[in-house]
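Just follow the structure's listing: the first ligand is 1, and inside any ligand the first atom is 1.
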Amino acid sequence: MPLNPLDLYDVAGALSEEERMVQDSVARLVDEKVLPVIQKCFEEHRFPRDLVPELAGLGLLGSSLKGYGCAGLNAISYGLICQELERGDSGIRSFVSVQSSLCMYPIHAYGSQEQKQKYLPGMARGELIGCFGLTEPHGGSDPANMKTHAKRRGTDWVLNGSKMWITNGAIADLAVVWAMTEEGIRGFIVEKGTPGFAAPEIERKFSLRASVTSALFFDNVVVPEGNVLPGVVGLKGPLSCLTQARYGIAWGVIGAAQACLAQLLDYSKTRVLFGRPLAQNQTIQVRLADMARRITAAQLLALQLGRLKEQGRMQPSHVSLAKWNNCRMALDIARDCRDMLGGAGISAEYVPVRHMLNLESVITYEGTETIHQLTIGRELTGLNAF
Ligand code: TGC
Ligand code: FAD
């Protein structure tokens with residue numbers, strides 16, 4: 001029997017029945033609701049907000065959290081959710097990553113009982129949208145050097161500064177914002193409409209056009225003590241959230257690569273040049289084989305990463321290696337697929353160029369490729385080159 005070109009090592013066969021059910025249900029959602037609209041959304045620079053109730057209805061928001069109306073799924077299931085969503089578009093996976101791993105996770109891990117009750121059930125239902133403000137205009141790779149700061153004033157805090165490139169910012173009901181205090185970096189929940197807080201959308205992007213990206217401005221924003229995350233102080237707070245989101249990205253980008261390869265396989269078998277299908281040329285087959293090799297390696301890396309996570313053995317360096325490898329794999333495949341489609345490769349009728357443009361962001365956010373390479377370098381040598 002021929003192998004599945006998108007799953008040569010039968011990763012699907014290694015999944016539990018529940019994991020397969022999760023994957024199948026998200027795949028159906030993507031086929032029926034995302035793919036029919038996403039290209040137009042990308043062209044119109046518009047996030048398909050009407051998909052949020054559909055994502056929530058399937059339990060995809062905060063899916064790996066326990067309690068508070070969240071689905072409590074395992075790590076592999078979260079990975080598969082990201083993979084299927086990103087097969088649709090990185091912007092949809094981004095929305096779910098930010099809502100789940102960067103906004104619900106810190107409230108769940110570090111929030112007070114009141115904060116969890118107030119925000120998590122509404123966020124799981126998609127009625128409240130969250131964003132995560134860490135990056136600042138002067139340099140996102142080095143968040144320890146943040147300028148945004150908060151000072152105590154009586155029982156309140158006063159927040160000043162700005163954040164840049166914030167996914168969901170302009171549509172968010174609440175922002176988890178990381179700011180420097182006298183005690184170190186702390187997390188603040190800032191609600192939409194708080195005086196002095198603005199979240200204008202960043203227009204004119206060539207990438208992630210079906211996702212909202214914003215700046216955040218804080219001008220003497222008063223945040224009550226009850227909106228400070230009590231459970232963490234220091235850079236490890238935001239970095240621990242990034243570990244969760246980067247894990248999802250390592251799986252997600254496999255979906256983008258699979259979408260590109262699937263379309264290219266169809267195209268290259270029917271496109272006839274020099275009297276034979278394009279796919280019947282040695283150099284084309286070598287390039288297709290190389291894509292399958294790289295996708296397979298990425299799938300096995302993600303699967304083992306998921307197992308380490310479930311066993312509580314996953315280290316930040318494991319995640320850095322997988323985020324680096326899998327984003328590089330997906331971006332290279334999207335670019336190569338675009339090339340093998342010829343002129344059609346730049347047309348909105350085909351998916352690789354959209355994935356390629358999106359992946360330029362995905363390889364940059366959540367730690368650039370260089371940041372993850374240096375993290376592995378530090379792991380190998382014990383020497384900090386940052
Ligand atoms: P460093 O000394 O390494 O660490 C400071 C403290 O944090 C701990 N730590 C971690 N904890 C949990 N998870 C991790 N991944 C951690 N990495 C480090 C560490 O143990 C230490 O703890 P303690 O107790 O000793 O204080 O910090 P550093 O200043 O040297 O920085 C290291 C570096 C460069 C790796 C870090 O700054 C970094 O990752 N920079 C990249 C920043 C980044 O990724 N920003 C992403 C912004 S969010 C985003 O892009 C969302 S896009 C979402 C979407 O749309 O999908
Ligand atoms: P810089 O940090 O200025 O880096 C510039 C270049 O220098 C990069 O190539 C980098 O690799 C390189 N570099 C940095 N340090 C070194 C070094 N020591 N040695 C060698 N090279 C180095 N952030 C959030 O907080 N929340 C979000 O929701 C969010 N969403 C995003 C959505 C999109 C679409 C994008 C594009 C970004 C988003 N980000 C978000 C920001 C993202 O995390 C940052 O863009 C990223 O961390 C890089 O920061 P920077 O853009 O400031 O680049």
Side-chain angles (χ1 to χ4, degrees), residues 45 47 82 85-86 89-103 105-106 109-110 129-146 148 162-172 175-179 184-185 187 199 201-202 204-216 232-253 309 314-324 327 357-379 383-386:
H45 207 313
F47 171 64
C82 291
L85 292 177
E86 200 146 358
D89 192 87
S90 302
I92 307 299
R93 196 270 309 136
S94 257
F95 174 83
V96 169
S97 291
V98 170
Q99 179 85 348
S100 304
S101 293
L102 296 183
C103 202
Y105 172 83
Y110 307 124
I129 292 176
C131 70
F132 174 90
L134 179 65
T135 303
E136 300 193 352
H138 61 273
S141 298
D142 183 17
N145 183 33
M146 68 174 62
T148 300
S162 61
K163 300 286 175 181
M164 189 64 180
W165 306 116
I166 306 304
T167 301
N168 295 351
I171 56 167
V176 170
V177 179
W178 301 92
I185 292 171
E201 185 163 357
I202 298 172
R204 309 181 69 210
K205 292 180 300 181
F206 285 120
S207 176
L208 282 184
R209 290 174 58 82
S211 167
V212 172
T213 316
S214 310
L216 306 181
V232 72
V233 178
L235 191 58
K236 63 178 181 287
L239 291 185
S240 66
C241 306
L242 295 182
T243 295
Q244 309 304 315
R246 291 166 177 171
Y247 168 82
I249 291 174
W251 280 87
V253 290
K309 193 171 196 301
M314 185 180 84
Q315 299 288 324
S317 294
H318 290 135
V319 186
S320 279
L321 188 98
K323 200 267 181 185
W324 161 25
C327 288
L357 292 168
N358 284 339
L359 289 162
E360 294 288 350
S361 283
V362 181
I363 203 167
T364 293
Y365 66 35
E366 303 267 7
T368 64
E369 185 170 62
T370 306
I371 290 298
H372 293 295
Q373 289 167 331
L374 295 178
T375 299
I376 300 303
R378 182 166 68 175
E379 185 69 41
L383 301 170
N384 188 354
F386 287 112

### Message
Determine whether a donor-acceptor pair (N or O, by modelled atom type, separation under 3.5 Å) exists between the side chain of Ser100 and the backbone of Ser97.
### Response
no
### Task
Could you tell me which residues satisfy side-chain contact (heavy atoms from CB on, under 4.5 Å) with Glu360, sequence neighbours excluded, listed by chain and number?
Leu331, Arg335
### 4.0 Å protein heavy-atom contact status of atom 12 (C) of ligand 2, strictly under
no
### Query
Is the closest protein non-hydrogen atom to atom 31 (C) of ligand 2 under 4.0 Å?
yes
### Leu235: numbered ligand 1 atoms lying under 4.0 Å from its heavy atoms
27 (O), 29 (O)
### Task
Could you pull out the closest heavy-atom pair between Ile249 and Glu366, with the gap in Å?
CD1-CG, 3.2 Å
### Sub-4.0 Å atoms of ligand 2 with respect to non-hydrogen atoms of Glu366
43 (O)
### Task
Could you tell me which atoms of ligand 1, counted from 1 in the order shown, lie closer than 4.0 angstrom to a heavy atom of Thr243?
13 (N), 14 (C), 15 (N)
### Query
Are any of the heavy atoms in Ala245 under 4.0 Å away from ligand 1?
no
### Message
For ligand 2 and Trp165, I'd like to know whether there is a polar contact (N/O to N/O, distance under 3.5 Å).
### Response
yes
### Part of Leu208 within contact of ligand 1 (heavy atoms, under 4.0 Å)
neither
### Query
Which of the numbered atoms in ligand 1 are below 4.0 angstrom from a heavy atom of Arg378?
3 (O), 30 (O)
### Task
Would you check whether Gly140 reaches within less than 4.0 Å of ligand 1, judged by its heavy atoms?
yes
### Query
Any protein heavy atom under 4.0 Å from atom 6 (C) of ligand 2?
no
### Query
Taking the non-hydrogen atoms of Gly139, is any one of them nearer than 4.0 angstrom to ligand 2?
yes
### Message
Quick check on contacts: which atoms of ligand 1 are under 4.0 angstrom from a heavy atom of Ser240?
### Response
12 (C), 13 (N)
### Message
Test of understanding: given a 4.0 Å heavy-atom threshold, classify the contact between Thr135 and ligand 2 as side chain, backbone, both, or neither.
### Response
both
### ligand 1 contact on Leu102 by region, counting heavy-atom pairs under 4.0 Å
side chain
### Query
Is ligand 1 under 4.0 Å from a heavy atom in the side chain of Arg246, in the backbone, in both, or in neither?
side chain
#### Entry: Shortest protein contact, atom 35 (C) of ligand 1 (heavy atom only)
Phe386 CZ, 3.8 Å
### Query
Is there any N or O on Ala385 that sits under 3.5 Å from an N or O of ligand 2?
no
### Query
Given that the side chain starts at C-beta and the backbone is N, CA, C, O, which of these parts of Phe132 lies under 4.0 Å from ligand 1, counting heavy atoms, or is it both or neither?
side chain
### Proximal candidate to atom 21 (N) of ligand 2 [heavy atom criterion; set Asn168, Leu374, Thr370, Val212]
Thr370
### Task
Before signing off on this row, confirm whether Gly367 and ligand 1 have an N or O atom pair separated by under 3.5 Å.
yes
### Message
Within the 4.0 Å heavy-atom shell around Leu134, which atoms of ligand 2 are there?
### Response
25 (O)
## Note on the structure
re atom 37 (O) of ligand 1, the protein heavy-atom contact at minimum distance is Pro143 CD, 3.2 Å
### Message
Return the closest protein heavy atom for atom 26 (N) of ligand 2 as residue, atom name and distance.
### Response
Phe132 O, 2.9 Å
### atom 23 (N) of ligand 2 protein-contacted (non-hydrogen atom, under 4.0 angstrom)
yes
### Task
Measure Leu242 to ligand 1 on non-hydrogen atoms and call it side chain, backbone, both or neither using the 4.0 Å cut-off.
side chain
### Query
Is Ser141 in polar range of ligand 2, meaning some N or O pair under 3.5 Å apart?
yes
### Message
Geometry only, no angles: is Thr368 polar-contacting ligand 2 at N/O separations under 3.5 Å?
### Response
yes
### Task
Examine the proximity of ligand 1 to Leu239 and report which part, side chain or backbone, both or neither, has a heavy atom under 4.0 Å away.
both
### Query
Can you list the ligand 1 atoms lying under 4.0 Å from a non-hydrogen atom of Ser141?
34 (C), 37 (O), 40 (N), 41 (C)
### Message
Checking the N or O distance criterion of under 3.5 Å, is ligand 1 in contact with Thr167?
### Response
yes
#### Entry: Contacting atoms of ligand 1, where contact means under 4.0 angstrom from a heavy atom of Arg93
56 (O)
### Message
To check your reading of the model: name the closest protein heavy atom to atom 52 (S) of ligand 1, its residue, and the distance in Å.
### Response
Tyr365 CG, 3.4 Å
### Query
With a cut-off of 4.0 Å, which atoms of ligand 1 are near a heavy atom of Ala144?
29 (O)
### Message
What I'd like to find out is whether the side chain of Trp165 reaches to under 4.5 Å of the side chain of Tyr365, using heavy atoms alone.
### Response
no
### Message
Could you tell me, atom by atom, which parts of ligand 1 come under 4.0 Å of a heavy atom of Val98?
### Response
53 (C), 54 (C), 55 (O)
### Query
So which of Gln99, Glu136, Glu366 gets nearest to atom 46 (C) of ligand 1, if we judge by its closest heavy atom?
Glu366
### Task
Please state which part of Ser94 comes within less than 4.0 Å of ligand 1, counting heavy atoms only: side chain, backbone, both or neither.
both
### Message
Measuring from atom CG of Leu216 to atom CD of Glu136, what distance do you get when rounded to the nearest 0.5 angstrom?
### Response
10.0 Å
### Query
With only distance considered, is Ser361 within less than 3.5 Å of ligand 2 through an N or O on each side?
no
